[in-house]
Every structure is written in structure tokens, then in C-alpha cells.
Amino acid sequence: MDKIVVRGGVPLRGEVTVSGAKNAALPLLFASLLTQDECRLRRVPRLMDIRTAVRLLHELGAQSEWLSDDEIVVSPHTVHQCEAPYELVKTMRASFLVLGPLLARFGRARVSTPGGCAIGTRPVNIHLDALQQLGATIRQQQGYVEAEAKRLRGAHIVFEFPSVGATENILMAATLAEGTTVIENAACEPEIEDLATMLTAMGARIGGAGTPTITIEGVTSLHGVTHEVVADRVEAGTFLIAGAITGGRVFVRGARANHLRAFLEKLQDAGVLIVEREDGIEASCQSRPSSVDVITWPYPGFPTDLQAQMMALLTLGDGRSLITETVFENRFMHAQELARLGANILTRGNTAAVSGVAFLSGAPVMATDLRASVSLILAGLAAQGVTEVSRVYHLDRGYERIEEKLSRLGADIRRVKE
Ligand code: EPZ
């Protein structure tokens with residue numbers, strides 16, 4: 001297993017270009033199952049999770065070809081089976097997003113239920129209840145969901161929680177259902193809007209994507225498409241914090257401020273200078289960050305996927321910051337690793353009290369989940385001395401060659417084989 005070695009203390013300066021969003025590209029790849037025609041996706045990040053998603057499409061019988069470093073074409077006309085095996089779903093829970101498209105297109109699907117993961121139990125009850133309301137019969141046995149439906153029928157669905165994955169699964173399934181589907185309390189993330197944009201370009205009839213109420217009028221078939229994946233707001237936010245935590249100045253080309261409003265306001269409250277431009281966002285911080293309180297919340301609230309990165313910044317704050325994680329039940333594992341670098345964090349339930357310290361000191365630390373691993377890198381960039389982050393496979397799931405991008409900003413960072 002690789003590890004990342006960082007020598008901190010270098011203010012990062014320069015420009016980095018944001019990749020396409022992992023959490024958009026995954027459902028977009030699976031949306032290709034809704035048609036016989038070729039689907040071309042541009043600005044697809046080359047990540048472990050994307051490779052897993054492509055493997056799953058091949059497992060189902062689809063073919064694909066990379067046309068360039070970030071453009072892939074999927075040919076779904078050869079799909080011949082509707083089972084997503086455990087070994088793929090357990091490595092990437094987003095594989096569960098093939099359920100809706102397979103059910104809508106083929107009338108049946110057998111998909112392993114994703115287990116829990118480091119950050120929470122992550123049940124799929126909202127997905128399954130909604131598919132049943134669309135007329136599917138659902139059986140759960142031997143760790144698999146078996147779903148069948150001659151043809152899905154539109155329904156008026158109210159989610160108990162604005163689940164991103166459930167919104168994506170139902171949105172895709174409803175495009176080929178008979179009649180109209182309304183999803184109330186839908187997730188509003190930009191990745192949902194991006195999926196709806198691609199589905200609409202494929203011939204789907206969708207209104208309200210990006211708002212809590214989405215209306216889908218079913219059609220009989222969808223056609224091929226070429227679509228550019230939306231910019232990754234989480235990667236963008238991560239690089240903005242990299243500039244701030246090192247006392248540097250970083251411009252993130254392609255970052256969209258309207259997808260990061262709550263996050264940018266919190267950064268500004270913490271004393272980070274933010275400049276929004278047509279073609280990206282710049283962050284700089286010449287002084288010690290101010291302490292701020294953060295509550296994560298479904299979009300457009302402060303994103304849970306940037307909570308760990310914000311905690312890293314606030315470990316150097318000039319006072320005490322309270323961070324409350326409302327989306328997942330166990331998303332503070334980075335706290336004890338940050339404490340190994342000298343951070344002073346007290347976690348109790350879903351709240352972490354971060355008392356800022358004057359400096360962090362490098363040490364060996366271990367990544368536990370995707371966003372936690374990058375928060376350790378960020379802290380290492382600011383710490384005095386050398387920080388070694390092990391188990392960086394977590395990192396590779398969600399960040400494309402991050403050490404190269406950070407090196408280009410001046411960081412003293414390298415990947416070594418363990
Ligand atoms: C997506 O996960 C993202 N993953 C996550 O990013 C992100 O943190 C999350 O949305 C919230 O924004 C992808 O898009 C691939 P949810 P998802 O369904 O769809 C509960 C990353 O780091 N819930 O909105 O699984 C669930 O337990 C990853 O890139 C149910 O109770 O998130 C959780 O507490 C991590 N029942 C909360 O809702 C359900 O049926 C949010 O889950 C579904 C969800």
C-alpha cells in the first residue's frame with residue numbers, strides 16, 4: 001500500500017484545475033444503462049471509483065472505451081445481465097445506483113446491498129421504499145436486493161430524508177416509468193442537477209431538479225448523449241483550504257462559487273480571503289484562521305464532504321470552533337489522527353470542539369475514509385516537519401493524482417510505495 005509523505009510549512013501558490021465530479025460521474029455512467037445508444041462522457045476523473053464503475057458496467061455486458069485522458073464512451077446495447085455482484089458493490093457503495101436504471105430498462109435487477117462503511121451504517125431503505133411505490137416488487141435475501149417490475153408506474157413520493165443516492169436512483173428509474181412521478185424532499189445537490197441535465201438530453205422529461213420537488217414524466221425510451229461532467233465542488237473546496245491552511249494563495253480554475261456558497265461564507269468568516277472570478281475561485285490567508293462554528297447539512301447547507309477538510313483548517317484557528325455533523329453518524333475519525341499532529345479536538349456524539357493550537361507537528365497518521373485522508377494531507381501541508389499518511393487507497397478513490405496537483409502548487413509532497 002502506498003503512503004504520502006509531506007514536509008509542511010510551504011505556502012502554496014499558483015493555479016490548479018478542478019476535475020469532473022466523482023459524485024456526478026458515477027450516476028452519469030450508470031444512467032447509460034437506460035438506453036441502447038452510445039453515451040459519451042467528458043471530464044470524467046480517472047479515479048479508483050470510476051474504474052470500479054466501469055468494471056461493473058462490463059460485468060453487466062456493456063462495453064466502453066476511453067477516447068482521451070478524461071473522455072469515455074459507453075456502449076450499453078450489449079448489456080445481457082442485471083446482477084451487480086457483492087465484490088463490486090462492497091468496494092464501492094455507489095454501485096447500488098445501477099438498481100434504478102436496470103429495473104427501468106429490463107424490468108428486473110439483482111443488486112448486492114451495500115454494507116455500512118467507516119462513516120455510517122448507510123441503509124438503503126429510502127431507495128427501496130420509493131421503488132416499491134413505483135410498483136416494483138422487492139425481495140431481500142442472501143445480502144441481495146431482487147427487484148422486479150413489468151413496467152414501473154409513476155407515483156407521488158415523499159422522502160423521509162433528502163438522500164442523494166435515493167434521489168438519483170428514483171430519478172433514473174422514473175424516466176421510463178408509465179405516467180408522472182413526483183419526488184418531494186428530494187436532494188438538491190449540483191450532482192443531481194447534472195444527472196437531470198444529461199437525462200433530459202437523452203429525451204427524459206424532468207422538471208425541478210436541484211430543488212426539493214422533482215417531477216418526471218415517463219417516456220418509452222431514451223437515446224444516446226454526449227455530456228460534460230460538472231466540476232467537482234468537493235475537490236475545489238479541498239484546494240481552496242490547501243491555499244488557506246498553508247498561508248498561501250491558490251486559484252482553482254473551473255470552481256463554481258454558486259455550488260459552494262455555504263462553504264465559501266464559512267471560509268470568509270474564518271478570515272480567508274475569497275475572490276470569485278468568472279473562470280474560478282481564489283483563496284488566500286495571510287493570518288491565523290479565526291474560529292468559526294460549522295454545521296453540516298444537505299445541500300445547499302455546508303457539505304459533509306468538506307467537514308474533515310474544514311476541521312483541519314480550524315485546528316489552527318485562534319479560538320474554539322464547534323463542528324456538528326448532521327448527515328452521517330460517524331464522520332469524525334480524522335479527529336484522532338489530527339490529534340497525533342498536535343490538534344486539540346474533543347468529540348462528543350456528532351459534535352467536535354476544536355480548540356485551535358499555534359502549530360501542528362508532523363507525525364505518521366492513517367487514513368480511514370476518503371475525505372478524512374485528505375484532511376490529514378492538508379494538516380501535513382501546514383505542520384512543522386514530516387507527516388506520513390498511510391492507507392492512501394482511500395485517497396485514490398476520490399482524488400485524481402492529488403500529490404501531483406499539490407506539488408505543482410509548491411508543496412513538498414511525494415508518494416512512496418510502502
Ligand atoms: C452521497 O452518498 C455521496 N456519494 C457522499 O459522498 C456524500 O457524503 C453524501 O451523498 C451526502 O452528500 C456519492 O454521491 C457517490 P445519502 P449517499 O443517501 O447517496 C441516510 C464522498 O466522500 N440514508 O444522501 O450514500 C444515510 O445513512 C461520499 O464522496 C438513509 O437513512 O448519501 C446518511 O446518514 C461519502 N436511508 C444520510 O442519509 C437511505 O435509504 C445521507 O445519505 C439513504 C440514506
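Because the structure is a prediction, the values reported are computed rather than measured. Ligands are counted one by one from 1 in listed order, and the atoms in each one are counted from 1 as well.
- The only member of Q309, R233, R371, M310 that meets side chain to side chain contact (heavy atoms under 4.5 Å, CB included) when paired with P303 is R233.
- Under the 3.5 Å distance criterion, the side-chain polar atoms of Q81 are matched with a main-chain donor or acceptor of E83.
- Ranking the protein heavy atoms by distance from atom 19 (O) of ligand 1 puts G165 N, 2.8 Å first.
- At least one N/O-N/O distance between N23 and ligand 1 falls below 3.5 Å.
- Between the E71 side chain and the W66 main chain, no donor and acceptor come within less than 3.5 Å of each other.
- Applying the 4.0 Å criterion to heavy atoms of F328 picks out, from ligand 1, the atoms 8 (O), 9 (C), 33 (C), 34 (O).
- Residue contacts with ligand 1 for Q307 are absent, since no atom lies close enough (heavy atoms, distance under 4.0 Å).
- In terms of protein heavy-atom proximity, atom 11 (C) of ligand 1 is closest to T304 CG2, 4.0 Å.
- With a 4.0 Å cut-off on non-hydrogen atoms, R371 touches ligand 1 through its side chain and not its backbone.
- Taken from CD in E38 to CD in E65, the straight-line distance is 8.5 Å, to the nearest 0.5 Å.
- Proximity of P123 to ligand 1 is established by a heavy-atom distance of less than 4.0 Å.
- For ligand 1, the polar-atom distance check finds an N/O of I126 within less than 3.5 Å of one of the ligand's N/O atoms.
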For E148 and R108, what are the C-alpha separation, side-chain angles and deciding distance, and is it a salt bridge (charged side-chain N to carboxylate O under 4.0 Å, His left out)?
CA-CA 4 Å; E148 280 185 16; R108 69 187 191 290; over 6 Å; no
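- In terms of modelled atom types and a separation under 3.5 Å, the side chain of E146 and the main chain of R139 share no donor-acceptor contact.
- Heavy atoms of D305 found under 4.0 angstrom from ligand 1 belong exclusively to the side chain.
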Could you give me the CA-CA distance, side-chain angles and deciding distance for K3 and E388, then say whether salt bridge (charged side-chain N to carboxylate O under 4.0 Å, His left out) is met?
CA-CA 7 Å; K3 62 183 175 185; E388 294 190 355; 2.9 Å; yes
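- Within the listing of ligand 1, atoms 40 (O) sit less than 4.0 angstrom from a heavy atom of H127.
- For atom 24 (O) of ligand 1, the nearest non-hydrogen atom of the protein is V164 N, 2.8 Å.
- Of the protein's non-hydrogen atoms, R331 NH2, 3.7 Å is the one closest to atom 35 (C) of ligand 1.
- Other residues, nucleotides and ligands place more than 12 heavy atoms under 6.0 Å from the CZ atom of R415.
- Closest approach of L370 to R397, counting heavy atoms only: CD1-C, 4.5 Å.
- Looking at V327 against ligand 1, both its backbone and its side chain come within 4.0 Å, counting heavy atoms.
- Looking at atom 2 (O) of ligand 1, its nearest protein heavy atom turns out to be R122 NH2, 3.3 Å.
- Between A147 and I138, the shortest heavy-atom distance links the atoms CB-CD1, 3.8 Å.
- Ligand 1 does not have H394 within reach: every non-hydrogen atom of the residue lies 4.0 Å or more from it.
- Ring pair F302/F263 is tilted by interplanar angle, where 30° to 60° counts as tilted.
- At most 12 non-hydrogen atoms from other residues, nucleotides or ligands lie less than 6.0 angstrom from CZ of R42.
- Only the side chain of L370 comes within contact range of ligand 1, with a heavy atom under 4.0 Å; no backbone atom does.
- The protein atom (non-hydrogen) at minimum distance from atom 18 (O) of ligand 1 is S163 OG, 2.7 Å.
- Here K22 has side-chain heavy atoms under 4.0 Å from ligand 1, and that is the only part of it that gets that close.
- Close approach of ligand 1 to V124 is summarised as follows: ligand atoms under 4.0 Å from at least one heavy atom of the residue are 39 (C), 40 (O).
- Of the protein's non-hydrogen atoms, the one nearest atom 36 (N) of ligand 1 is N125 OD1, 2.8 Å.
- Put simply, atom 7 (C) of ligand 1 has protein non-hydrogen atoms near it, under 4.0 Å away.
- Interface of F161 with ligand 1, defined as ligand atoms under 4.0 Å from a residue heavy atom, comprises 37 (C), 38 (O), 41 (C).
- Open room surrounds OH on Y86; 12 or fewer heavy atoms of other groups in view lie less than 6.0 Å from it.
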